[in-house]
Amino acid sequence: MRTVLRNTFFYSFSLFLLTQIMQGVRVSGDITSFILGGFLLFILFTILRPILNIISFPFNLITLGMFSFLINVIILYILTVFFSNISITSFLFKGLSFAGFTIPKVFINTFFAYVLASFFLSAIIGFLTWITKK
């Protein structure tokens, strides 16, 4: 029960941080939407991810494990289909300039918005689990 609550908190907090980082990620509603979305994300990662890993084993073998990243994208898409309070849409990245490095403005379509959201979500969850390791 403790791990369920901890992981639900991790996924809820990572959804909140994801809405702060990316313009295309929106969670409508209040904190209960984040908590319910985090719980559904925890359930999807716990139940659906091992099944998808078994099904996609040949693709993971051919691509040397890079296809497993697309499994996270699929799970995030399934979350947005089942839970209508969370949406991921295309957006315009306004660009960034720091210390002489410039990233120009780029239009991110919906597929790459899911890919970026999956990347940031995985990074946030990985960081939170790394911080709380015993």
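Being a predicted model, the structure only gives us computed values, none of them experimental. Just the heavy atoms: all of them, side chains too, but no hydrogens, waters or symmetry mates, feed the values below.
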F39 backbone acceptor or donor facing T8 side chain under 3.5 Å: no

Identified side-chain contact (heavy atoms from CB on, under 4.5 Å) partner of L52 from the options L44, L70, I74: I74

Would a single hydrophobic cluster contain both [Y] and [X], if residues Ile, Leu, Val, Met, Phe, Trp and Tyr are joined by side-chain heavy-atom contacts under 4.5 Å?
{"X": "L121", "Y": "V81", "answer": "yes"}
{"X": "F42", "Y": "I47", "answer": "yes"}
{"X": "F13", "Y": "I35", "answer": "no"}

Test side-chain hydrogen bond (donor to acceptor under 3.5 Å, both in side chains) applied to S14 - qualifying residues, sequence neighbours left out: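 Residues passing side-chain hydrogen bond (donor to acceptor under 3.5 Å, both in side chains) with S14: none at all.
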
Ring geometry between F16 and F34 (parallel below 30°, tilted from 30 to 60°, perpendicular above 60°): perpendicular

Mutual orientation of the aromatic rings belonging to Y114 and Y77 [parallel < 30°, tilted 30-60°, perpendicular > 60°]: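 Rings of Y114 and Y77: perpendicular, as their planes differ by over 60°.
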
Nearest heavy atoms of S68 and G65, plus distance in Å: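 Of all heavy-atom pairs spanning S68 and G65, the closest is OG-O, 2.7 Å.
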
Least distance between heavy atoms, F93 atom then P104 atom: CD2-O, 4.0 Å

Residues, nucleotides or ligands: over 12 heavy atoms within 6.0 Å of I31 CD1: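 Check fails, neighbour count at 12 or below.
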
Inter- and intrachain pairs under side-chain hydrogen bond (donor to acceptor under 3.5 Å, both in side chains), touching residues 33-52, at least two apart: S33-N85, R49-N72

